2 protein chains.
Amino acid sequence: MVRKLDESLIAPLPPFRRLERTQIREILDQATSRRHDEGSEVFRSGEEADRFFLLLDGVVRVVRILPGGDQVILRHIPPGQLIGIASALGRSTYPASALAASEALTLAWPTRLWAGFVQRYEGFATETWATVGRRLDQLHDDMAAMATQAVEQRVAACVLRMVNQTGRPVEGGIEIAFPITRSNIAEMTGTTLHTVSRLLSAWEKDGVVESRRKHIVVTAPHRLVLLSGASGG
Amino acid sequence: MVRKLDESLIAPLPPFRRLERTQIREILDQATSRRHDEGSEVFRSGEEADRFFLLLDGVVRVVRILPGGDQVILRHIPPGQLIGIASALGRSTYPASALAASEALTLAWPTRLWAGFVQRYEGFATETWATVGRRLDQLHDDMAAMATQAVEQRVAACVLRMVNQTGRPVEGGIEIAFPITRSNIAEMTGTTLHTVSRLLSAWEKDGVVESRRKHIVVTAPHRLVLLSGASGG
DNA sequence: CTCCGAGTTTGTCGCCGCGCAACGTCCCGG
DNA sequence: CCGGGACGTTGCGCGGCGACAAACTCGGAG
């Protein structure tokens, strides 16, 4: 637990954007901070949802494990967002697991503080619901894509989204800012690692992406957009 | 617009469950009621979200139309639920269209009343967020199913869900309580009407369902459960 | 340096399910 | 009673993508 956190770290983030400095101070003083190794669990599906988190740094993967045993990656969360707010939506237990996709830093609060936050800090609630709204929206998009798009388009869209959310400029293109395997992409797009591997190879041959082990650099984003959207080449 | 609505109609519904009679009266007096013919629009994707609705009777289909032109059915809403609450989640326009799958009856309120409802009626907010939570949850399930399940399993699960949500007992089984075509099921499960037709035919031959034009009766629910879940026959 | 395992690539094969097309059937309106 | 249109069924062929298999490469531990 870090004792004195700097307000400026979180003041510009959506949930706190509209709050006063003293209010942010109050909120911060009730938080505990935690470091998560790459691959470790922030929380686990089915556990009692006794805490909610703010992701300060790193990327968190939200995963659901099916009765059948295979897992599905529901989304990646970039820094600055709240996670584990299931309890706010009336669930007593986490509906999915959250894994640190890279080394991650979080703040955590006990769930019982949630109601107070919402009640006391006007903007907090609004911004949070807006975030939930965006997630719902994106989920709908994903569903629609899953239902109608071909595999190549889905994978292209998936890579693009991760670049948009977490991409950092690098020589020759934009890189996805956390370690990601073909398997991971397969679990996001509902296909197999084999197919993803083939697609990336083909794209690399066409000069759209470059990929090293666990790293992907997009060199021609506009080409990827074409691949994801209007099916024409 | 119907002038005097009976509180008992809506008092037991989730959003109003915890409210007092007088409060419900207040809320009702601000509502306008509307009848929707089968197939007509309750609201349209992209329109300004200036109203939210409570579905009193009938079933509403939530549809998203993709840039490509084809449409996807995101969910069916059974009576008693709120719809069009996009504005509450920070969206200024409806993210999807809502069509009456059968003749439907709704209450409508102007969006500007939302904030007041949430603030004034304690339980209203809680119950609403719980509903949103359930929708998110189900969406996650759907995603996961889409990503991992075979077509037959998805279609079986889809039929089952509609039976659970809106099924009514009928001689020889349980019937889905609103008109539904093969195309509709195809648009829900991300396949084609041809495949759905074949599946239903096969199931009918096996005595699991009976289907008339636009109507489906499930005669052996447990068999359908098998088809949807543990792939073993 | 060497070993080992995780991650990746590539090939082959087979099947599911989509596209297309034609026909059958029911319902509704004139 | 008849016609037309929407809905449903069925057959056929092809192709994408998943299953299986085997080899390669990288990186870290000892």
Side-chain angles (χ1 to χ4, degrees), chain A residues 37-39 61 66 68-73 99 101-103 145-156 158-159 176 178-206 209-217 227 231 233, chain B residues 37-39 61 68-73 99 101-102 145-156 158-159 176 178-206 209-217 227 231 233:
Chain A
D37 289 328
E38 178 176 332
R61 223 195 298 283
L66 303 181
D70 32 23
Q71 66 174 31
V72 176
I73 298 179
L99 304 170
S102 59
E103 189 176 330
M146 219 48 147
T148 65
Q149 310 263 59
V151 169
E152 179 168 24
Q153 303 176 357
R154 296 208 301 270
V155 174
C158 170
V159 170
I176 294 176
F178 59 95
I180 185 162
T181 69
R182 318 293 190 237
S183 270
N184 289 330
I185 298 181
E187 284 164 14
M188 273 181 276
T189 53
T191 180
T192 64
L193 79 160
H194 308 274
T195 300
V196 172
S197 181
R198 279 182 246 270
L199 284 175
L200 285 178
S201 294
W203 294 346
E204 183 141 20
K205 201 168 300 174
D206 288 0
V209 303
E210 286 170 17
S211 66
R212 303 188 300 286
R213 170 175 280 238
K214 284 198 175 198
H215 288 271
I216 297 178
V217 178
L227 286 171
S231 61
Chain B
D37 289 329
E38 179 177 331
R61 223 196 299 283
D70 32 24
Q71 66 173 29
V72 176
I73 298 179
L99 281 67
S102 59
M146 221 44 151
T148 64
Q149 310 263 58
V151 169
E152 178 168 23
Q153 303 176 357
R154 295 207 303 270
V155 175
C158 171
V159 171
I176 294 176
F178 58 96
I180 185 163
T181 68
R182 319 291 188 225
S183 271
N184 288 332
I185 297 181
E187 284 165 14
M188 272 180 277
T189 54
T191 179
T192 63
L193 78 160
H194 309 275
T195 300
V196 173
S197 182
R198 280 182 247 269
L199 285 174
L200 285 178
S201 295
W203 293 346
E204 185 140 21
K205 201 168 299 174
D206 288 358
V209 303
E210 287 170 17
S211 66
R212 303 189 300 286
R213 170 174 279 239
K214 285 199 175 199
H215 288 271
I216 297 178
V217 179
L227 287 170
S231 61

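This one's a predicted model, so the numbers in the text were calculated from it and none came from an experiment. Quick note on labels: first sequence line is chain A, next is B, and so on, each numbered from 1.
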Within residues 188-198 of chain B: residues closer than 4.0 Å to DNA chain C (heavy atoms): B:Thr191, B:Thr192, B:His194, B:Thr195, B:Arg198
Gap separating the OG1 atom of B:Thr191 from the CZ atom of B:Arg198, nearest 0.5 angstrom: 9.5 Å
CD1 on B:Ile180 to OG on B:Ser102, rounded to 0.5 Å: 11.0 Å
Spacing of OG1 belonging to A:Thr195 relative to CD belonging to A:Glu152, to within rounding of 0.5 Å: 11.0 Å
Separation of atom NZ in B:Lys214 from atom P in D:dT9, rounded to whole Å: 14 Å
Spacing of A:Gln71 atom CD and A:Leu66 atom CG [to the nearest 0.5 Å]: 9.0 Å
Touch class at under 4.0 angstrom, heavy-atom based, for A:Arg213 against every strand present: base
Given B:Thr189, B:Ile185, B:Asn184, the one that forms side chain to side chain contact (heavy atoms under 4.5 Å, CB included) with B:Ile73: B:Asn184
Derivation of the side chain to side chain contact (heavy atoms under 4.5 Å, CB included) call for A:Asp70 and A:Glu187: CA-CA 9 Å; A:Asp70 32 23; A:Glu187 284 164 14; over 6 Å; no
Point-to-point distance, once rounded to the nearest 0.5 Å, from OG of B:Ser211 to CD1 of B:Ile176: 10.0 Å
Integer-rounded Å distance: D:dT9 C1' and B:Leu200 CG: 11 Å
Between D:dG8 (C1') and B:Ile180 (CD1): distance, integer Å: 14 Å
Outermost nucleotides of DNA chain C that come under 4.0 Å of a non-hydrogen atom of chain A: C:dA6 to C:dT12
Smallest separation among heavy atoms of B:Phe178 and B:Ala101, with atom names: CD1-CB, 3.8 Å
Nearest-Å distance for atom pair CZ/P, residues A:Arg182 and D:dC24: 19 Å
